[in-house]
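In what follows, a single structure is set out as structure tokens and then discussed.
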Amino acid sequence: MAERIEQRLEDRIPELEQLERVGLFTPKEIRAVLKKASALEYKIQRRALRKEDFVSYIQYEINLLELIKKRRARIGYSFKKEEIESSIVHRVHSLFKRATGKWKEDVQLWLSHVAFCKQWVTSKWVLVTGHLLCIKTNSFISSVAALWIMAAKWEMETRLSSESARHLFLRALRFHPECPKLYQEYFRMELMNAEKQRKEKKEFEQAKMDLGEFNYSEEILNGELARIIYRDAAQKIKGVEFHLAVLSIAKLFDFTQDLQKEILESLQTEYADDPLTWDYMARRELGLGSLKSTEPTTKQMKVSEMTQREERCCAVFEEAVTAVPTEDMWKCYITFCLERCNRKTNSEELKQKRLERTLSVFSKAHESSLLPESLYKQWLQLLLESNLSEKATEVAEAATKRFSLSAEMWQMRLQVLIQLKNDNVTQCFEEAFKHLKSKVCGTLPLWTLWVEWSEGTNSKQDTEALYQRSLNATAPAESVTMKEKYLDWAYRNGGYKKVKRVFTSLHENRPLSLDFFRKMIQIEKEQESCKMLHLREYYERALREFGSTESDLWLDYIKEELSHPQGKPENCGSIHWRAVKMLQGDQVEDFISKYTLLQTGHL
């Protein structure tokens with residue numbers, strides 16, 4: 001492995017010499033590049049390869065290319081590109097080839113390679129994309145819609161070939177006959193092509209040129225091909241989202257009124273009971289009835305018109321929640337009201353109307369028992385911002401009655417009580433845990449909130465009792481966080497002796513986290529009389545729990561022995577031997593690589 005790495009570093013020497021010779025890099029920068037390249041090469045030559053190492057290497061080389069590009073522009077030097085940039089680009093291609101060969105089903109890797117080709121070798125990226133799309137043995141690649149769309153977009157926008165783009169979309173749909181995104185982009189492409197031809201025809205007519213030699217199909221000019229695509233897709237793809245997406249595309253073109261009407265009628269016929277259909281129809285009212293008078297309009301007239309539009313929207317929503325009385329429908333209505341409420345306006349009258357309307361809709365949904373759990377928090381926030389504290393307290397209590405087994409609802413109610421400095425906070429915490437006693441996990445946020453509130457309100461003794469209670473009441477996985485918080489609190493409120501006692505009482509109380517031990521190590525290092533004996537104890541205890549998976553922990557232990565005044569460098573050999581025996585999988589290679597760099601002073 002070492003010989004292969006040395007060879008690859010030697011292959012870099014010609015380009016680095018050129019960089020230094022032409023004044024793009026200094027000798028010091030050249031040495032830094034070699035040092036970094038050496039570290040990156042070690043990582044990708046290991047037996048157990050990691051995708052992150054390849055990505056880091058590729059990103060470093062791309063950053064290097066960008067830096068060279070900026071340096072060239074700054075000093076006005078444009079020669080020797082074949083000797084410098086081409087060598088780096090070739091190396092990046094090799095890295096991508098190895099990475100995509102190893103992780104064939106990583107879409108982002110393929111797309112990143114294509115993007116790199118487009119940026120640095122524009123004449124080759126289409127070949128790479130075409131190669132990917134033509135791989136018959138890899139069904140995964142054949143079904144990646146993003147690659148097909150990218151290729152078709154290039155044909156349409158760069159080569160100006162709508163015919164080639166159309167063939168690519170048709171071919172893609174054979175692989176992916178029910179992909180909404182493919183149909184949407186195909187639909188968009190045909191409308192763009194129609195718009196382009198309409199503009200060309202208009203320009204020729206204005207120039208009074210003979211159109212005989214030009215073949216402008218009326219079907220294409222009127223967007224009929226897009227209509228055919230929509231109808232075909234509508235038979236295969238069900239759901240309001242697709243119809244709305246296609247409709248939003250059609251609205252971008254001023255010659256598609258009939259097409260928009262057809263899509264809208266289909267939407268209302270086939271999806272009359274879907275909340276998203278009603279949501280669209282209601283919001284549509286905002287864009288209707290705009291002021292067309294040529295006379296100057298006053299601020300009051302604009303406010304009055306906006307009020308009328310919003311009222312028309314709400315009238316449709318009121319009809320909707322009657323016709324489709326579901327949580328999703330109320331959520332659409334409330335989301336609209338919140339959006340309008342949060343919209344900036346200089347009119348206090350309009351602002352107040354929006355607030356009153358939003359609070360009223362929240363109340364109606366709650367009374368209908370159809371207000372989604374997720375929206376109670378926003379209702380409470382709005383009430384508190386409006387200084388309606390009493391109402392906020394009532395709503396919070398009602399929310400916990402309706403969702404009594406929801407830790408999130410209790411947390412929300414408690415936050416309201418704490419914010420209002422209510423006297424019943426402790427009582428509410430007890431009530432919450434009484435209802436949630438059957439829940440094995442999910443109460444961590446409540447315990448965190450309780451101890452944090454107690455730290456600023458109760459005595460140290462009460463807070464410590466609460467911490468100890470939380471360790472027994474939370475699920476094992478959640479108790480890990482409480483142990484970390486307890487350790488931190490003990491140090492902040494009782495100093496080193498206190499935190500040492502807490503650590504001693506908890507270090508055998510599993511499960512424990514790596515951060516628990518690292519926190520104690522950091523606390524020890526902050527002491528004036530930092531003792532290596534104590535650090536060894538903490539490292540040994542941490543390694544007992546995490547020594548098989550955390551290579552960095554072993555390295556930190558070795559560094560401590562080397563750098564601490566009371567450290568014993570002669571212990572490093574035995575620590576290294578233990579690490580190699582205990583670490584598993586990729587961690588062994590990672591440790592050996594980093595230990596080698598540590599020995600050579602590169603880490």
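The residues of the chain are indexed from 1 along the displayed sequence.
- In this structure, the ring of Phe433 has its center less than 6.0 angstrom from the ring center of Trp447.
- With a 4.5 Å cut-off on side-chain heavy atoms, Leu446 and Leu436 count as touching.
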Kindly determine whether Leu449 and Ile418 satisfy side-chain contact (heavy atoms from CB on, under 4.5 Å), including the steps that lead there.
CA-CA 10 Å; Leu449 183 64; Ile418 290 170; 4.0 Å; yes
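- Closest heavy-atom contact between Leu380 and Ala392: CD2-O, 3.1 Å.
- With rounding to the nearest 0.5 angstrom, the CD atom of Gln59 is 15.5 Å from the CZ atom of Phe54.
- What you find for Tyr183 and Pro177 is that their closest heavy atoms are CE1-O, 3.4 Å.
- One finds the CG atom of Leu417 at 10.5 Å from the CD atom of Gln419 (value rounded to the nearest 0.5 Å).
- Ring pair Phe116/His93 is perpendicular by interplanar angle, where above 60° counts as perpendicular and below 30° as parallel.
- In Lys70, the NZ atom is not crowded: 12 or fewer heavy atoms of neighbouring residues, nucleotides or ligands sit closer than 6.0 Å.
- Panel note: side chain Thr400, backbone Glu397; a donor-acceptor pair is recorded below 3.5 Å.
- In terms of heavy-atom proximity, Tyr376 sits nearest to Ala399 at CD2-CB, 3.7 Å.
- Side-chain atoms of Arg231 and Gln235, non-hydrogen and from C-beta on, never get closer than 4.5 Å to each other.
- For the pair Lys196 and Lys199, the minimum side-chain heavy-atom distance is 4.5 Å or more.
- Distance alone, capped at 3.5 Å, places no donor-acceptor pair between the Trp148 side chain and the Phe169 backbone.
- For the pair Ser304 (side chain) and Met301 (backbone), a donor-acceptor distance under 3.5 Å is absent.
- Checked for salt-bridge contact, Arg166 and Glu190 meet the test: a charged N lies under 4.0 Å from a carboxylate O.
- Ser347 contributes a side-chain N or O that, together with a main-chain N or O of Leu350, makes up a donor-acceptor pair within less than 3.5 Å.
- Using a 4.5 Å heavy-atom cutoff, the side chains of Trp450 and Glu430 are in contact.
- Rounding to the nearest 0.5 Å gives a distance of 9.5 Å between CG of Leu444 and CD of Gln411.
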Any chance you could lay out the side-chain contact (heavy atoms from CB on, under 4.5 Å) test for Lys51 and Leu109, step after step, and finish with the verdict?
CA-CA 10 Å; Lys51 182 171 61 179; Leu109 269 178; 4.0 Å; yes
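- When all heavy atoms of Thr358 and Cys337 are compared, the pair lying nearest together is OG1-O, 3.3 Å.
- With sequence neighbours left out, the side chain to side chain donor-acceptor pair (under 3.5 Å) criterion links Asn222 to no other residue.
- Ionic pairing of Arg198 and Glu195 is not present here: no N-O contact between side-chain nitrogen and carboxylate oxygen is shorter than 4.0 angstrom.
- What you find for Ala165 and Ala152 is that their closest heavy atoms are CB-O, 3.5 Å.
- Side-chain atoms of Lys364 and Tyr333 form no donor-acceptor pair, as typed in the model, at a separation below 3.5 Å.
- Salt-bridge formation is detected for the pair Lys353/Glu349: a Lys NZ or Arg NE/NH1/NH2 atom is positioned less than 4.0 Å from an Asp or Glu carboxylate oxygen.
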Carefully, step by step, assess Arg357 and Glu310 under the rule salt bridge (Lys or Arg N to Asp or Glu O under 4.0 Å).
CA-CA 10 Å; Arg357 180 193 300 132; Glu310 291 181 0; 3.1 Å; yes
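- For Trp379 and His366, the ring centers are positioned less than 6.0 Å apart.
- Side chain of Glu224 to backbone of Glu218: no donor-acceptor contact under 3.5 angstrom is found.
- Other residues, nucleotides and ligands place more than 12 heavy atoms under 6.0 Å from the CG atom of Asp515.
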Could you give the side-chain donor-acceptor pairs of residues 270-280 under 3.5 Å, partners two or more places apart or in another chain?
residue : atom : partner : partner atom : Å
Glu270  : OE2  : Ser266  : OG           : 3.2
Tyr271  : OH   : Gly239  : N            : 2.9
Asp274  : OD1  : Leu276  : N            : 2.9
Thr277  : OG1  : Tyr271  : O            : 2.8
Trp278  : NE1  : Ala272  : O            : 2.8
Asp279  : OD1  : Arg283  : NE           : 3.1
Asp279  : OD2  : Arg283  : NE           : 3.2

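- Formation of a donor-acceptor pair under 3.5 Å by the Ser360 side chain with backbone atoms of Glu356 is not found in this model.
- Glu285 pairs with exactly one of Arg312, Gln308, Arg309 by the side-chain contact (heavy atoms from CB on, under 4.5 Å) rule, that one being Arg312.
- Applying the salt bridge (Lys or Arg N to Asp or Glu O under 4.0 Å) criterion to Lys485, with sequence neighbours excluded, gives Glu452.
- Rounded to the nearest 0.5 angstrom, Ser363 OG and Leu371 CG are separated by 9.5 Å.
- For the pair Leu375/Gln378, a side-chain contact is recorded, criterion being any heavy-atom separation below 4.5 Å from C-beta on.
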Could you go through the side-chain contact (heavy atoms from CB on, under 4.5 Å) check for Gln197 and Asn193 one step at a time?
CA-CA 6 Å; Gln197 292 197 22; Asn193 184 43; 3.6 Å; yes
Output, in order, the C-alpha distance, side-chain angles, deciding distance and verdict of side-chain contact (heavy atoms from CB on, under 4.5 Å) for Leu247 and His243.
CA-CA 6 Å; Leu247 184 57; His243 287 74; over 6 Å; no
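- Here the CE-OG1 distance, from Met306 to Thr345, works out to 8.5 Å after rounding to the nearest 0.5 Å.
- The line from CG of Leu221 to CD of Glu200 is 10.0 Å long, rounded to the nearest 0.5 Å.
- Within a 6.0 Å sphere centred on CZ of Arg343, other residues, nucleotides and ligands contribute 12 heavy atoms or fewer.
- Within the 3.5 Å criterion, the main-chain N or O of Val480 finds no donor-acceptor partner in the side chain of Ser513.
- Other residues, nucleotides and ligands contribute over 12 non-hydrogen atoms within 6.0 Å of the CD atom of Glu385.
- Residues Lys181 and Gln184 meet the side-chain proximity criterion, which asks for heavy atoms closer than 4.5 Å.
- Between Asn342 and Arg354, every side-chain heavy-atom pair lies at or beyond the 4.5 Å cut-off.
- For Ser406 and Glu408, the side-chain atoms include at least one donor-acceptor pair closer than 3.5 Å.
- Applying the side-chain contact (heavy atoms from CB on, under 4.5 Å) test between Leu191 and each of Leu252, Ile249, Leu225 identifies Ile249 as the sole match.
- In terms of heavy-atom proximity, Arg413 sits nearest to Cys428 at NE-SG, 3.7 Å.
- Using a 4.0 Å cut-off between charged side-chain N and carboxylate O, Lys153 and Glu185 make no salt bridge.
- Side-chain atoms of Ile228 and Glu219, non-hydrogen and from C-beta on, never get closer than 4.5 Å to each other.
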